[in-house]
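Below: one structure, written as structure tokens.
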Amino acid sequence: QVQVVESGGGLVQPGGSLRLSCAASGSIASIYGMGWYRQVPGKQREFVAGITRSGIINYADSVKGRFTISRDNAKNTVYLQMNSLKPEDTAVYYCNVAVGAHGYWGQGTQVTVSS
């Protein structure tokens, strides 16, 4: 069993910043990839950013240059630094942790960008 817990969401004004954290625990032999997705009501969950154990990083075009993903392998934790936030970044952000052939999701954390 793998537990995934996100934190760090909240309300921020346009142009502001937030840092999300995601910690994985439990029966973890080796985490391959960790990533962030987001979802708004009525739409499909979309990829935001991902990072492999070796440090290969990918971003969605919509967040390139504004968001930065990083991870601490020793702590099984991934971070998402979000700068220059826009109202369209408002969503529930979910963390996904790939352990072997399985992907595990957290419960999500709400990010609201509004003045």
Side-chain angles (χ1 to χ4, degrees):
Q1 194 76 0
V2 176
Q3 293 79 44
V4 179
V5 179
E6 304 102 334
S7 61
L11 173 64
V12 64
Q13 292 186 342
S17 298
L18 280 176
R19 188 191 193 212
L20 306 183
S21 299
C22 167
S25 61
S27 302
I28 301 174
S30 179
I31 294 176
Y32 174 67
M34 303 183 81
W36 291 95
Y37 293 73
R38 64 188 182 187
Q39 189 170 23
V40 298
K43 291 190 176 181
Q44 288 188 334
R45 192 169 297 186
E46 65 174 8
F47 171 79
V48 175
I51 183 169
T52 68
R53 186 172 186 84
S54 60
I56 298 172
I57 291 173
N58 282 293
Y59 294 103
D61 288 342
S62 59
V63 306
K64 283 181 181 177
R66 301 187 298 122
F67 291 11
T68 302
I69 189 170
S70 60
R71 66 185 284 178
D72 184 334
N73 290 334
K75 295 181 179 179
N76 293 326
T77 299
V78 64
Y79 307 95
L80 186 68
Q81 178 66 43
M82 305 185 294
N83 298 328
S84 303
L85 282 161
K86 305 175 181 180
E88 51 263 44
D89 294 317
T90 296
V92 177
Y93 283 70
Y94 295 91
C95 178
N96 182 272
V97 177
V99 179
H102 300 283
Y104 297 88
W105 294 96
Q107 81 288 349
T109 184
Q110 176 71 46
V111 171
T112 302
V113 185
S114 175
S115 56

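Numbers here are sequence positions counted from 1.
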Test item: side-chain donor near acceptor, Arg38 and Tyr93, under 3.5 Å
yes
Taking atom types as modelled and ignoring hydrogens, do the side chains of Ser114 and Thr112 form a donor-acceptor contact shorter than 3.5 angstrom?
no
Among Val78, Asn73, Thr77, which residue satisfies the side-chain contact (heavy atoms from CB on, under 4.5 Å) criterion with Lys75?
Thr77
Test side-chain contact (heavy atoms from CB on, under 4.5 Å) applied to Tyr37 and Glu46, Arg45, Gln44, the passing residue
Arg45
Does any part of the side chain of [Y], heavy atoms only, come nearer than 4.5 Å to the side chain of [X], both counted from C-beta?
X     : Y      : value
Cys22 : Val4   : yes
Cys95 : Trp105 : no
Glu6  : Leu20  : no
Thr90 : Gln110 : yes

Measuring from [X]:[atom1] to [Y]:[atom2], what's the distance to the nearest 0.5 Å?
X      : Y     : atom1 : atom2 : value
Met34  : Tyr79 : CE    : OH    : 9.5 Å
Asn76  : Gln3  : CG    : CD    : 11.5 Å
Tyr32  : Arg53 : OH    : CZ    : 11.5 Å
Thr109 : Leu18 : OG1   : CG    : 8.5 Å
Leu85  : Phe67 : CG    : CZ    : 5.0 Å
Asn58  : Lys64 : CG    : NZ    : 7.5 Å

Under the 3.5 angstrom rule, does the side chain of Arg71 hit a backbone N or O of Ile51 as a donor-acceptor pair?
yes
Hey, is Lys86 close enough to Asp89 for a salt bridge, meaning N to O under 4.0 Å?
no
Between Pro14 and Pro87, what is the shortest heavy-atom contact and its length?
CG-CG, 4.2 Å
